[in-house]
Amino acid sequence: MGDARQGPLTRWGAGRRRERAAREAEFTAFVEATAPKLRRTAYLMCRDWHLAQDLTQTTFARMYASWARIRRVDSLEAYSRRVLMNVVFDERKRRSGSELVVAEPPAGSSHRPDDTAELHVALLRALATLPVRDQAIVVLRHWEDQSVEAVAGILGVSMSVVKTQNARALGRLRALLGEDFART
Amino acid sequence: MDENLRLLFDRALADEPGPPPDDLADRAKAAGAGLRRRRHRLVGAAVATVTAVAALGVATVGAPPDAPPETVPAGFAMLLNPACTSPARDTATDVSVFLTPDITDQQRAALDRALETDPAVQTHRYESREAAHAHLARMFADAPQLVDAVKASDLPASFRVKLSGPYADFVDRVGAMPGIDQIIGHACPKGTDIWTTG
């Protein structure tokens with residue numbers, strides 16, 4: 001008798017647990033599939049592997065906190081970039097004041113990098129002198145190969161902003177890095 | 001130049017330490033669950049503060065948070081889609097127009113008409129307190145004690161606006177209309193909004 005009454009409730013409880021377990025597994029799979037790439041993008045934004053790891057974890061934590069709602073979003077990958085960039089911007093805001101961006105302004109300096117072995121170091125340094133949103137545009141466009149439209153969606157700006165800022169950022173990088181960078 | 005950039009980025013990433021730890025997902029889950037708990041507390045406290053049911057709200061939901069938001073709308077910011085930035089101004093794509101509890105039907109109708117014709121508004125819809133409560137119940141299905149502690153009458157009604165024009169112009173035109181408690185802009189990614197639900 002008691003069993004008969006408990007039946008549906010027990011089944012309901014089990015169903016909920018199963019659904020929960022499925023959601024958890026889905027999240028773990030998502031993290032495993034996207035973490036390596038996300039961490040590299042984070043690194044290019046902060047130039048510090050340790051911090052990149054933290055930013056990546058924070059991104060996934062924020063997504064986990066809303067996972068039940070967001071798991072059906074059209075493009076979770078683009079969505080994760082959006083959350084990452086928000087995490088990066090927050091981090092920058094928190095640090096600004098205490099520490100200004102690292103790179104010395106190479107503009108006009110005589111020792112321009114002349115072999116490509118150093119050029120990638122110089123590139124990251126030059127990138128760091130750009131406004132943070134421009135850094136995001138350059139990294140998403142030229143490292144992640146995201147389309148103009150996708151970048152606009154991720155950063156919540158118009159496509160024309162992405163195009164003009166991207167062109168300006170590349171111009172700035174070219175000026176900082178010199179001719180070697182434009183060639184090759 | 002594009003390929004050159006990619007090549008250089010590749011090279012810059014060459015010193016990558018070993019792959020992310022296996023337990024990254026577990027750590028993110030632990031931290032994410034903490035965020036969720038904190039958010040529940042903040043929302044609970046926000047509601048409690050405004051509706052003067054502090055004892056009920058805070059006691060049911062948990063320890064008092066460090067800095068409870070002062071208004072229900074501010075508390076609602078905690079409910080947001082984490083991909084949205086709030087408050088947002090220049091980049092706002094969505095707007096929540098929270099209404100005062102004593103707004104008259106006439107004022108609401110006038111506001112509805114103003115939104116209908118405003119050039120910066122793409123779409124708008126009214127969300128009653130009951131609808132807001134139903135949202136809350138859905139979003140916090142995993143925290144029934146929170147949902148129970150909040151009554152529909154504790155929540156503000158609002159207009160949910162999708163913008164097609166500048167936020168600042170919109171606020172200039174609409175902001176001073178009677179019956180509005182608070183306007184909050186949100187910058188949300190394409191295809192989602194502040195209430196994106198699964």
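Numbered from 1 within each chain, the chains take letters A, B, ... in sequence-line order.
In terms of heavy atoms, B:Arg6 sits closest to A:His142 at CG-O, 3.1 Å. The shortest heavy-atom contact between B:Leu24 and A:Gln53 is CD1-NE2, 3.6 Å. Across all their heavy atoms, B:Gly32 and A:Ala65 have their closest contact at O-CB, 3.4 Å.
No side-chain heavy atom of B:Glu16 sits less than 4.5 Å from a side-chain heavy atom of A:Tyr43. Taking 4.5 Å as the limit, some side-chain heavy atom of A:Arg39 sits within range of a side-chain heavy atom of B:Pro17. Side-chain atoms of B:Leu5 and A:Leu123, non-hydrogen and from C-beta on, do get closer than 4.5 Å to each other. The side-chain heavy atoms of B:Arg11 and A:Leu119, taken from C-beta on, include no pair separated by under 4.5 Å. Within the 4.5 Å cutoff, side-chain heavy atoms of A:Leu124 are placed close to those of B:Phe9.
In this structure, the portions of B:Thr91 lying under 4.5 Å from any heavy atom of chain A include both its backbone and its side chain. Residue B:Asp90 does not touch chain A at all, counting heavy-atom pairs closer than 4.5 Å. Looking at A:Leu127, the atoms closer than 4.5 Å to chain B (heavy atoms on both sides) all sit in the side chain, from C-beta outward. Only the side chain of A:Trp49 comes within contact range of chain B, with heavy atoms under 4.5 Å apart. Both the backbone and the side chain of A:Arg40 come within contact range of chain B, judged by heavy atoms closer than 4.5 Å. The contact between B:Asp15 and chain A is made by backbone and side chain atoms together, counting heavy-atom distances below 4.5 Å. In this structure, no portion of A:Ser158 lies under 4.5 Å from any heavy atom of chain B.
Counting heavy atoms of neighbouring residues, nucleotides and ligands inside a 6.0 Å radius, atom CD of A:Glu149 does not exceed 12 of them.
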Start with the C-alpha gap between B:Lys29 and A:Thr28, add the side-chain angles, then the distance that decides, and say whether side-chain contact (heavy atoms from CB on, under 4.5 Å) holds.
CA-CA 9 Å; B:Lys29 282 179 188 176; A:Thr28 304; 2.8 Å; yes
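Taking CG of B:Asn4 as the reference point, atom NE2 of A:His120 lies at 12.5 Å (rounded to 0.5 Å). Within the model, atoms CG of B:Leu8 and CG of A:Leu177 stand 8.0 Å from one another, a figure rounded to the nearest 0.5 Å.
Most heavy-atom pairs under 4.5 Å with chain B, from the set A:Trp67, A:Phe30, A:Phe27, A:Tyr64: that is A:Tyr64. Counting heavy-atom pairs closer than 4.5 Å to chain A, the top-ranked of the candidates B:Ala187, B:Ala28, B:Ala14 is B:Ala28.
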